[in-house]
Protein chains: 2
Amino acid sequence: MLSTVTSQTPSLPAHDNPTVVRLFEAAADAFADKGFHGTTTRDIASRAGLSPAGVYVHFASKEDLLFQLSRVGHVAARDALAAAADEAASPTDALQEVISEFARWHAEQHQVARIVQYEFRHLSPEHQREVLTLRREIDAVVERIIAEGVASGEFDVDDTRSTALAALSLVVDVARWYHPGIKRTTPESIANSYGALALRLVGARRD
Amino acid sequence: MLSTVTSQTPSLPAHDNPTVVRLFEAAADAFADKGFHGTTTRDIASRAGLSPAGVYVHFASKEDLLFQLSRVGHVAARDALAAAADEAASPTDALQEVISEFARWHAEQHQVARIVQYEFRHLSPEHQREVLTLRREIDAVVERIIAEGVASGEFDVDDTRSTALAALSLVVDVARWYHPGIKRTTPESIANSYGALALRLVGARRD
DNA sequence: GTCTATACGACGATAGAC
DNA sequence: GTCTATCGTCGTATAGAC
């Protein structure tokens with residue numbers, strides 16, 4: 001699961017190392033389940049099949065592990081969104097595709113998504129700043145689509161910025177409530193219904 | 001701020017005690033800011049002007065403090081919602097009022113709201129169960145309004161349950177991003193725009 | 001009901017052998 | 001690069017004086 005994400009960002013050299021991949025997976029499991037401060041380095045190490053000291057060969061600190069995870073997660077999400085936006089023929093198509101794709105990502109990668117969205121505050125100030133830059137790129141993709149739809153007359157929106165935030169809120173909250181096996185809900189069904197809901201939020205003319 | 005919430009639930013006898021109120025406020029500040037496990041009992045105690053030991057006269061444990069805060073917060077939110085729903089003349093009015101009110105609550109009480117929504121998993125299993133009962137009552141208010149609107153023909157909705165979840169997602173996410181002083185956004189403006197957005201989500205016939 | 005003092009385990013991180 | 005052993009600190013919670 002996580003390897004899908006990491007393989008999309010081969011720029012991180014550490015990803016060639018299977019121990020690092022296991023540490024990423026262990027940390028993603030643990031942070032998503034118990035939160036950053038609820039997770040111990042011993043917990044992560046044992047899930048990855050290492051001694052407590054083994055973590056520090058690959059990461060400078062627990063916070064560094066959270067940061068790398070957040071960064072990789074944001075990059076993967078941003079790239080998936082930008083690709084979806086580029087393929088669309090109109091703002092209406094673009095919004096539906098982008099929100100569908102992002103909703104699917106929040107469900108399929110719900111552990112990473114949860115960390116990305118809810119453990120942000122436990123990053124150091126410098127790391128928060130770096131992640132925030134990536135996050136603004138994601139927000140900008142959605143805002144731009146809505147602005148284009150308003151300009152073309154396809155959308156009817158009061159305030160572009162706050163409507164973009166609302167569409168993203170729908171999607172982000174998936175990471176809070178979704179878990180695999182939840183009743184009659186799959187990443188696929190979420191993707192379908194959330195694309196349509198986003199079109200309603202912007203008052204798209206055709207349904 | 002918090003005293004507004006607590007005064008709505010005089011059934012909790014401890015609220016007559018100003019030290020307990022100070023502890024609630026200190027814990028709400030700290031938990032909202034740094035999360036449950038990121039907050040120390042020393043931190044809470046000093047914010048409330050007590051020694052570390054002083055907390056345990058009033059609360060059995062740090063988890064107990066989180067539980068009482070979650071419970072009071074849920075009860076306040078549920079009562080505010082139910083009141084808003086009762087005053088409405090139609091499903092359209094009811095949905096707009098309820099979502100407006102709940103969005104306003106998430107902004108005004110964003111610290112308690114954040115704790116209620118994001119620190120839930122750190123409660124003990126028994127306490128999770130108790131809080132979950134209250135949460136289902138909140139969900140049921142929204143679901144019932146949407147079902148009534150579908151029945152009356154005012155709303156056009158695919159799936160009542162998932163649409164209710166989406167409307168609540170919009171609102172819940174306010175607790176993640178809102179903080180006082182955020183650019184051109186007030187609890188009042190959030191309440192207004194979110195009521196309208198919820199009507200769009202359900203395909204309400206009149207805007 | 002609040003304090004000072006403290007028990008005692010768990011924490012993140014490091015040292016040094018292999 | 002991984003281990004065992006451990007350092008120094010801080011965590012929750014309690015004991016007992018006032």
Side-chain angles (χ1 to χ4, degrees), chain A residues 6 12-70 115 119 121-128, chain B residues 6 12-70 115 119 121-128:
Chain A
T6 51
L12 271 173
H15 292 175
D16 298 335
N17 185 329
T19 305
V20 171
V21 172
R22 270 188 292 120
L23 276 168
F24 269 134
E25 287 171 343
D29 279 358
F31 289 156
D33 190 35
K34 307 199 284 184
F36 178 69
H37 284 298
T39 299
T40 68
T41 54
R42 288 168 163 80
D43 196 1
I44 295 167
S46 73
R47 288 197 202 215
L50 290 176
S51 72
V55 176
Y56 293 90
V57 176
H58 306 284
F59 295 93
S61 66
K62 192 172 81 159
E63 193 270 347
D64 182 41
L65 193 37
L66 175 64
F67 171 57
Q68 300 299 341
L69 211 47
S70 292
I115 292 161
E119 306 302 322
R121 60 180 166 184
H122 298 122
L123 292 169
S124 71
E126 315 90 76
H127 289 162
Q128 284 194 16
Chain B
T6 51
L12 271 172
H15 293 174
D16 298 335
N17 185 329
T19 305
V20 171
V21 172
R22 268 189 294 121
L23 276 168
F24 269 135
E25 287 172 344
D29 279 358
F31 290 156
D33 190 36
K34 307 201 284 185
F36 179 69
H37 285 300
T39 299
T40 68
T41 53
R42 291 174 206 273
D43 197 1
I44 296 167
S46 74
R47 288 197 202 215
L50 289 176
S51 71
V55 176
Y56 294 90
V57 176
H58 306 284
F59 295 94
S61 65
K62 193 172 81 161
E63 194 271 346
D64 183 40
L65 194 37
L66 175 64
F67 172 56
Q68 300 300 339
L69 212 46
S70 293
I115 292 161
E119 305 303 321
R121 60 180 166 184
H122 299 122
L123 292 169
S124 71
E126 315 90 76
H127 289 163
Q128 285 194 15

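Residue numbering restarts at 1 for every chain, and letters A, B, ... go by the order of the sequence lines. What you see below is based on every heavy atom in this structure, not just the backbone, and it leaves out hydrogens, waters and symmetry mates.
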Starting at [atom1] of [X] and ending at [atom2] of [N], how long is that distance when rounded to a whole Å?
X     : N      : atom1 : atom2 : answer
B/Y56 : D/dA13 : OH    : P     : 4 Å
B/I44 : D/dG11 : CD1   : P     : 11 Å
A/R42 : D/dG11 : CZ    : C1'   : 13 Å
A/H37 : D/dT12 : NE2   : C1'   : 16 Å

Legend entry - Outermost nucleotides of DNA chain C that come under 4.0 Å of a non-hydrogen atom of chain B: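 Nucleotide range with atoms under 4.0 Å of chain B: C/dG1 to C/dT4.
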Legend entry - B/F67 vs B/E126, side-chain contact (heavy atoms from CB on, under 4.5 Å): CA-CA, chis, key distance, verdict: CA-CA 10 Å; B/F67 172 56; B/E126 315 90 76; over 6 Å; no
Legend entry - Partner residues of A/Y56 under the ring pair (Phe, Tyr, Trp, His ring centres under 6.0 Å) criterion, sequence neighbours left out: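 Scan of A/Y56 (ring pair (Phe, Tyr, Trp, His ring centres under 6.0 Å), adjacent residues dropped) gives none.
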Inset, instruction - Would you mind classifying the nucleic acid contact of B/T40 as base, sugar-phosphate or nothing, using non-hydrogen atoms under 4.0 angstrom? - result: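 Sugar-phosphate, no base atom in range.
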Inset, instruction - Return the orientation label for the A/H122 and A/F36 ring planes: parallel under 30°, perpendicular over 60°, tilted otherwise. - result: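 Rings of A/H122 and A/F36: parallel, as their planes differ by under 30°.
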Inset, instruction - Output, in order, the C-alpha distance, side-chain angles, deciding distance and verdict of side-chain contact (heavy atoms from CB on, under 4.5 Å) for A/K34 and A/D43. - result: CA-CA 11 Å; A/K34 307 199 284 184; A/D43 196 1; 2.8 Å; yes
Inset, instruction - Measure the NE2-CG distance between A/H37 and A/L66 for me, rounded to the nearest 0.5 Å. - result: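 Interatomic distance, A/H37 NE2 to A/L66 CG, rounded to 0.5 Å: 9.0 Å.
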Inset, instruction - Keeping the roles fixed (side chain from A/R22, backbone from A/A48), state whether a donor-acceptor pair exists under 3.5 Å. - result: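 Checking the backbone N and O of A/A48 against the side chain of A/R22, a donor-acceptor pair under 3.5 Å is found.
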